[in-house]
Amino acid sequence: MRRLKKGLLLLFLIILAVAVWFPLAFLLGGSFMGTQEVLQKLGPVLGDMKGFASWSLIPQYPTLRPYVELLLDSPQFFVMFWNSVRLTAGVLFGQMIVGVPAAWGFARYDFPGKGALFTLYIVLMLMPFQVTMVSNYLVLNRLSLLDTHMGIILPAVFSTFPVFIMYRFFRGIPRSLIESARLDGASEWQIFWRIGLPLGSAGVMSAMVLSFLECWSMIEQPMTFLKNRSLWPLSLYLPDIAADRAGLALAASVTALIPAILVFLYGQTYLEQGIIAAGVKE
């Protein structure tokens, strides 16, 4: 009976895994299709053809033309790619400078209004972008930061989500270890630099991985605050592709996914370490 339950659970997990990876398999297979084959299969959706759309995992006539066109004949793609790199790098660097000390302060110090301020952080974290869009727009307009990359970077730097994530990991550091360091004469800066950061590095990396995945694929912020197309990130490249270039869109989607997948695979170790670190109790 136990083996039967384990077998059914394993089968259920395999089905879920296949359901999750199926769209990616379709995307990868479609990126090697020619334009005519893509339009033939998706014509009822993308064009004026009648009937029903169809798809296949393996292209009937595989070709590298979409990738050649994307990487050699689409300079706009590289401009948007490097825009995404600049935006993401700026956000992550700013969150390291602002978010890490903030999370450490909330986790290890007591001060008047700490509970109310942390509750405010959580409330702000729960608010979707649409709620704060108008206020952000007015502030950025007053600071003359609209239609600039800094107008995207600055609001994301002060995001409360990374602080909330890192707070949990810093909170898991045993208090006795902190007190021992103070008794040995360590300053608050030394405690933060030599104890807090090394022991909380898994939490910091976890927050950075999640922030990277969010920033790399952001759409609403660039569409709202950037009017100059030369400043657009890669996430706005795909909606700008017409139906007759659907093969190029699929190849661009696969290319845009590669950095996110690599960062996620690299950050998996830190996520696991972070879970272990958060479970340490005094």
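- Considering all non-hydrogen atoms of both residues, Lys114 and Tyr109 come closest at NZ-O, 3.0 Å.
- At least one side-chain heavy atom of Met223 sits under 4.5 Å from a side-chain heavy atom of Leu236.
- Open room surrounds CD1 on Ile58; 12 or fewer heavy atoms of other groups in view lie less than 6.0 Å from it.
- For the atom pair OG of Ser235 and CD of Glu220, the computed distance is 10.5 Å after rounding to the nearest 0.5 Å.
- With a 4.5 Å cut-off on side-chain heavy atoms, Gln95 and Val163 do not count as touching.
- Here the straight-line distance linking atom CG of Leu154 with atom CG of Leu143 works out to 8.0 Å at 0.5 Å rounding.
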Chi angles and distances behind the salt bridge (Lys or Arg N to Asp or Glu O under 4.0 Å) call for Glu188, Arg108: CA-CA 10 Å; Glu188 296 300 320; Arg108 308 312 312 183; over 6 Å; no

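- Side chains of Ser31 and Tyr67: a donor on one and an acceptor on the other come within 3.5 Å.
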Dump the intermediate steps for ring pair (Phe, Tyr, Trp, His ring centres under 6.0 Å) on Trp216 and Phe81, then the final yes or no. CA-CA 10 Å; Trp216 186 257; Phe81 181 88; 5.7 Å; yes

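- A 4.5 Å side-chain heavy-atom check between Asn83 and Leu234 finds every atom pair outside the cut-off.
- The two residues Leu231 and Asp147 make their nearest non-hydrogen contact at CD1-O, 3.1 Å.
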I'd like to know whether Leu27 forms a side chain to side chain contact (heavy atoms under 4.5 Å, CB included) with Leu257, so could you lay out the CA-CA distance, the side-chain angles of the two residues, the decisive distance to 0.1 Å, and finally the verdict. CA-CA 11 Å; Leu27 178 64; Leu257 272 176; 3.6 Å; yes

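- In the hydrophobic clustering of ILVMFWY residues, with side-chain heavy atoms under 4.5 Å counting as a link, Ile261 and Val18 come out together.
- Between Phe78 and Leu71, the closest side-chain pair of non-hydrogen atoms falls below 4.5 Å.
- Ser217 places a side-chain N or O within donor-acceptor distance of the main-chain N or O of Leu213, the cut-off being under 3.5 Å.
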Step by step, would you call Phe129 with Thr224 a side chain to side chain contact (heavy atoms under 4.5 Å, CB included)? CA-CA 11 Å; Phe129 171 74; Thr224 304; 3.8 Å; yes

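- Scanning both residues, Phe212 and Val263, for their nearest heavy atoms gives CE2-CG2, 3.5 Å.
- The two residues Arg171 and Ala107 come nearest to each other via the heavy atoms NH1-O, 2.7 Å.
- Between the side chain of Ser144 and the main chain of Leu140, no donor-acceptor pair closer than 3.5 Å is present.
- A ring-centre distance under 6.0 Å is not found for Phe170 and Phe106.
- Separating the CD1 atom in Ile191 from the CG atom in Leu177 is a distance of 9.0 Å, to the nearest 0.5 Å.
- Residue Tyr61 places its OH atom among 12 or fewer non-hydrogen atoms of other residues, nucleotides or ligands, all under 6.0 Å distant.
- Two residues are said to be in side-chain contact when any heavy atoms from C-beta on lie closer than 4.5 Å; Ile153 and Phe93 fail this criterion.
- With hydrogens and angles disregarded, no donor-acceptor distance shorter than 3.5 Å links the side chain of Glu69 to the backbone of Ser74.
- Here the CZ-CG distance, from Phe111 to Leu117, works out to 5.5 Å after rounding to the nearest 0.5 Å.
- Hydrophobic clustering of Ile, Leu, Val, Met, Phe, Trp and Tyr side chains at less than 4.5 Å, counting indirect connections, keeps Leu146 apart from Val134.
- Side chain of Thr160 to main chain of Tyr121: a donor-acceptor pair is present (N/O by atom type, distance under 3.5 Å, no hydrogens or angles).
- In this structure, Leu16 is not a member of the same hydrophobic cluster as Phe264, with clusters built from ILVMFWY side-chain heavy atoms closer than 4.5 Å.
- Looking at Trp104 and Tyr167, their side chains never come closer than 4.5 Å, going by heavy atoms from C-beta outward.
- Side-chain atoms of Ile152 and Met218, non-hydrogen and from C-beta on, do get closer than 4.5 Å to each other.
- Side-chain N or O atoms of Thr63 include one that pairs as donor or acceptor with a backbone N or O of Arg65 at under 3.5 Å.
- Note: Trp189 and Phe192 have tilted aromatic rings, judged against thresholds of 30 and 60 degrees for the angle between ring planes.
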Under the side chain to side chain contact (heavy atoms under 4.5 Å, CB included) rule, what do Asn136 and Phe225 come out as? Steps first, then yes or no, please. CA-CA 9 Å; Asn136 284 342; Phe225 302 140; 3.8 Å; yes

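- Atom CE of Met33 and atom CD of Gln60 lie 9.0 Å apart (nearest 0.5 Å).
- Put simply, the side chain of Ser201 gets close to the backbone of Pro198: a donor and an acceptor are under 3.5 Å apart.
- At least one donor-acceptor pair closer than 3.5 Å links the side chain of Asn228 to the backbone N or O of Ser230.
- Follow the hydrophobic side-chain contacts under 4.5 Å out from Leu126 and you reach Leu210 in the same cluster.
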Worked verdict on Leu250 versus Val254 for side chain to side chain contact (heavy atoms under 4.5 Å, CB included): CA-CA 6 Å; Leu250 295 172; Val254 173; 5.8 Å; no

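- Remark: Arg194 CZ is loosely packed, at most 12 non-hydrogen atoms of other residues, nucleotides or ligands lying under 6.0 Å away.
- Closest non-hydrogen pair, Ile195 versus Ile173, comes out as O-CD1, 4.4 Å.
- Closest heavy-atom contact between Pro233 and Leu87: CB-CD1, 3.9 Å.
- Hydrophobic cluster membership differs between Leu9 and Leu4, with clusters built from Ile, Leu, Val, Met, Phe, Trp and Tyr side chains linked at under 4.5 angstrom.
- Atom CD of residue Glu214 and atom CD of residue Gln221 lie 7.5 Å apart, to the nearest 0.5 angstrom.
- Counting only heavy atoms from C-beta outward, the side chains of Val79 and Trp232 never approach each other to under 4.5 Å.
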